[in-house]
Amino acid sequence: MSGLSPNLNVACELWYPTRSTKPLNPSREAGKETAMPGSTVPTSGANQGRNLTAAPHSATPQSTSEDATTVGRTILSEDEIRRALTRIAYEIIETNKGVENLVLIGIRSRGVPLAVRLAARIQAIEPNFNAETRLGALDITAYRDDQRTGGTTSPDTAGESIMPTIGIEGKTVVLVDDVLYSGRTVRAALDALNAHGRPALVRLAVLVDRGHRQLPIRADHVGKNLPTSASETVRVVLTETDNATDRVDIIQLGGLS
């Protein structure tokens, strides 16, 4: 985790017990981002059931032609991502008026490493915040409205969701994701969260808000507001999940109007 002190890296090692040499597939919300070349989802390497970097299910590739040409540009560099996360960490503390009853839960897959980084920053600012007990991961597979095939999907079929050690009942939960697009991922996350308890308050932090909302959902903390067109997609690359330097790209898909 670039930019963090060695002691914070050690404190968060539990959340990164192994690191895949191949990148994860993109998030399932169509149009959020594109897959890295040759991307796969690691299926092993859990450490005592708390490997928050491993995606529990293979993600469906985005519905774009493999032959389509793409033209992309980087809109957030590694340093800009680092600064954006630091600013969001301060915003979370200020909005919450401290860290009492505060927990962070990352939405799989790339929301999880972002939540870990935010928790480490908050711990550095507020030593009373214990990142190890205030972090969680949420798998929303069973709650997605685009996964329904005529029957009701049981929450028991969902992948691994890990709640913070101190729980979420009566807590202020900050959901963390990489890209906010239609809002359907967040809606599914809220449903999934309710299966684990009843928080006092839920807020949303995202690295990028690209617009095009289909539901009345907004983020409370945003790293970058990025107006996009329907023919563009946003790709978030993180060291923990993609084995590459942090960056956010916006990509124009060739041949699309």
Side-chain angles (χ1 to χ4, degrees), residues 12 14-17 24 27-29 32 41 43 46-59 88 92 95-96 98-120 122-123 129-148 151-180 182-207 215-221 240-241:
C12 289
L14 172 65
W15 306 91
Y16 296 117
L24 295 178
S27 303
R28 297 178 185 85
E29 186 173 338
K32 280 180 63 173
V41 178
T43 57
N47 180 15
Q48 297 178 346
R50 298 188 70 83
N51 182 4
L52 298 192
T53 59
H57 293 286
S58 296
I88 290 175
I92 290 173
T95 302
N96 195 62
V99 295
E100 185 177 0
N101 291 324
L102 178 66
V103 298
L104 274 64
I105 298 180
I107 300 173
R108 292 189 184 275
S109 55
R110 288 175 179 81
V112 175
L114 292 175
V116 172
R117 296 188 194 187
L118 285 172
I122 292 172
Q123 181 175 293
F129 182 88
N130 185 343
E132 184 175 329
T133 63
R134 306 286 191 98
L135 274 169
L138 195 63
D139 183 84
I140 64 169
T141 305
Y143 299 88
R144 294 191 59 88
D145 57 13
D146 59 359
Q147 297 295 313
R148 296 171 184 166
T152 301
T153 303
S154 169
D156 294 337
T157 64
E160 184 182 28
S161 287
I162 302 171
M163 292 298 101
T165 304
I166 65 171
I168 65 171
E169 196 75 26
K171 300 297 190 294
T172 296
V173 173
V174 177
L175 288 174
V176 182
D177 204 6
D178 53 354
V179 180
L180 178 58
S182 69
R184 294 183 180 275
T185 289
V186 177
R187 183 210 60 77
L190 291 172
D191 288 346
L193 193 64
N194 284 336
H196 295 277
R198 189 176 186 271
L201 184 66
V202 180
R203 294 193 175 101
L204 176 64
V206 298
L207 182 60
L215 297 172
I217 289 173
R218 68 172 180 84
D220 301 279
H221 310 287
E240 299 90 341
T241 55

(message) Contact between L104 and F129 at the side-chain level, heavy atoms closer than 4.5 Å - yes or no?
(response) yes
(message) Once rounded to the nearest 0.5 Å, what's the spacing between atom NZ of K171 and atom CZ of R134?
(response) 8.0 Å
(request) Without swapping roles, check the side chain of D220 against the backbone of L204 for a donor-acceptor pair under 3.5 Å. (result) yes
(request) Look at the side chain of E240 and the backbone N and O of P113, then say whether any donor-acceptor pair between them is shorter than 3.5 Å. (result) no
(message) Can a donor-acceptor pair be found, under 3.5 Å and without considering hydrogens, that links the side chain of R203 to the backbone of T172?
(response) no
(message) Other residues, nucleotides and ligands only: do more than 12 of their heavy atoms fall within 6.0 Å of CD on E100?
(response) no
(message) Would you compute the distance between atom OG of S109 and atom CG of D178 and round it to the nearest 0.5 angstrom?
(response) 7.0 Å
(message) Quick check for you: to the nearest 0.5 Å, what is the distance between I168 atom CD1 and N101 atom CG?
(response) 12.5 Å
(request) Starting at OG1 of T165, measure out to CG of N130 and round the result to the nearest 0.5 Å. (result) 8.0 Å
(message) If you compare all heavy atoms of V112 against all heavy atoms of A137, which two are closest, and at what distance to 0.1 Å?
(response) CG2-CB, 3.8 Å
(message) Main chain of R184, side chain of R144: is a donor-acceptor contact present, judged purely on distance under 3.5 Å?
(response) no
(message) Any heavy-atom pair between the side chains of L175 and D177 that's under 4.5 Å?
(response) no
(request) List the steps, then state whether side chain to side chain contact (heavy atoms under 4.5 Å, CB included) holds for V99 with Q123. (result) CA-CA 9 Å; V99 295; Q123 181 175 293; over 6 Å; no
(message) To the nearest 0.5 Å, what is the distance between CD1 on I88 and CG on L118?
(response) 6.0 Å
(request) Hey, could you give me the CG/CD1 distance between L135 and I162, rounded to the nearest 0.5 Å? (result) 10.5 Å
(message) I'd like to know if the side chain of R108 and the backbone of E160 have a donor-acceptor N/O pair within less than 3.5 Å.
(response) yes
(message) I want to check something: taking the side chain as every heavy atom from C-beta on, are H221 and V176 in contact at a cut-off of under 4.5 Å?
(response) no
